[in-house]
Amino acid sequence: MADEERPGAERFLPEARDLQSLRAAAADCRGCELYRDATQVVFSTGHARTALVLVGEQPGDREDVEGAPFVGPAGRILDQALRDAGIDRDEVYLTNAVKHFRFRRQGKRRIHEKPAVGNIVACHPWLEAELDAVQPEVVVCLGATAGRSVLGRTTRIQQERGRLQKSPEGRAVLVTTHPSALLRLKDDPGWDAAYDAFVSDLEAAAKAAKAARSANGAETGADR
Ligand code: SF4
């Protein structure tokens with residue numbers, strides 16, 4: 001893929017960097033080739049000033065059609081895990097490292113394809129602008145693509161998961177698995193342990209966000 005195919009999102013960012021302006025401007029992004037075949041941009045759900053931001057990989061088939069992140073099968077697992085971790089989904093900001101669906105066609109089906117590093121890099125300005133607008137206490141990376149975008153390097157989920165670390169911009173970051181990885185384990189004997197580890201990582205992130213927000217003299221979304 002030539003670089004001119006992925007000039008990056010920077011030039012499409014609006015002057016105003018509030019979430020509403022970012023969402024509106026992202027609809028016209030041509031920062032990489034993925035806008036061509038996807039139905040629409042899938043930006044985020046949630047509002048500014050939440051203590052916890054969750055970053056996924058990219059919209060899936062269902063998200064691409066509905067225009068909202070985490071509304072498909074992986075989203076249902078995430079919803080359940082958030083409930084089990086005592087986190088109100090309405091009080092977290094949910095987004096993806098890459099805002100358009102990457103897929104290949106197989107007959108009438110659209111098969112998910114992992115975003116290339118070039119897509120992640122091209123789309124990173126949107127994520128960075130979102131994080132600047134929201135100013136969360138903790139960013140949770142759901143999977144290696146989110147880790148690559150937020151930490152700016154290859155992320156090994158099993159070695160790094162569950163502990164707080166700093167992004168190059170100084171943000172508190174916790175890496176965990178993507179709920180779609182759990183989905184693939186659904187009928188596997190390892191499901192219970194994998195799901196419990198995921199919930200435990202979310203609990204750790206919420207606890208750290210709550211402590212940081214309390215230290216800053218404000219109430220966290222996690223305890224509202
Ligand atoms: S994936 Fe990101 S960089 Fe590429 S066109 Fe979509 S919004 Fe722009």
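Since the model is a prediction, treat every value here as computed from it, not as a measurement. Just follow the structure's listing: the first ligand is 1, and inside any ligand the first atom is 1.
- Salt bridge status for Arg89 with Asp79: present, with a side-chain N to carboxylate O gap under 4.0 Å.
- Judged purely by atom type and a 3.5 angstrom limit, Ser167 uses its side chain to pair as donor or acceptor with the backbone of Glu169.
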N/O donor-acceptor pairs under 3.5 Å from side chains in residues 197-207, not counting sequence neighbours:
residue	atom	partner	partner atom	Å
Asp201	OD2	Arg161	NE	2.8
Asp201	OD2	Arg161	NH2	2.8
Asp201	OD2	Thr176	OG1	2.6

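- Although no hydrogens or angles enter the test, the distance criterion places no donor-acceptor pair under 3.5 Å between the side chain of Arg11 and the main chain of Gly8.
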For residues 146-154, tabulate all N or O donor-acceptor pairs below 3.5 Å that involve a side-chain atom, not counting sequence neighbours.
residue	atom	partner	partner atom	Å
Ser149	OG	His124	ND1	2.9
Arg153	NH1	Glu160	OE1	3.3
Arg153	NH1	Glu160	OE2	3.0
Arg153	NH2	Glu160	OE1	3.0
Arg153	NH2	Gln165	OE1	2.9

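- Ordered by chain and number, His100 ND1 make up the set of protein N, O or S atoms under 2.8 Å of atom 6 (Fe) of ligand 1.
- Partners of Phe70 under the ring pair (Phe, Tyr, Trp, His ring centres under 6.0 Å) rule, at least two apart in sequence or in another chain, are His178.
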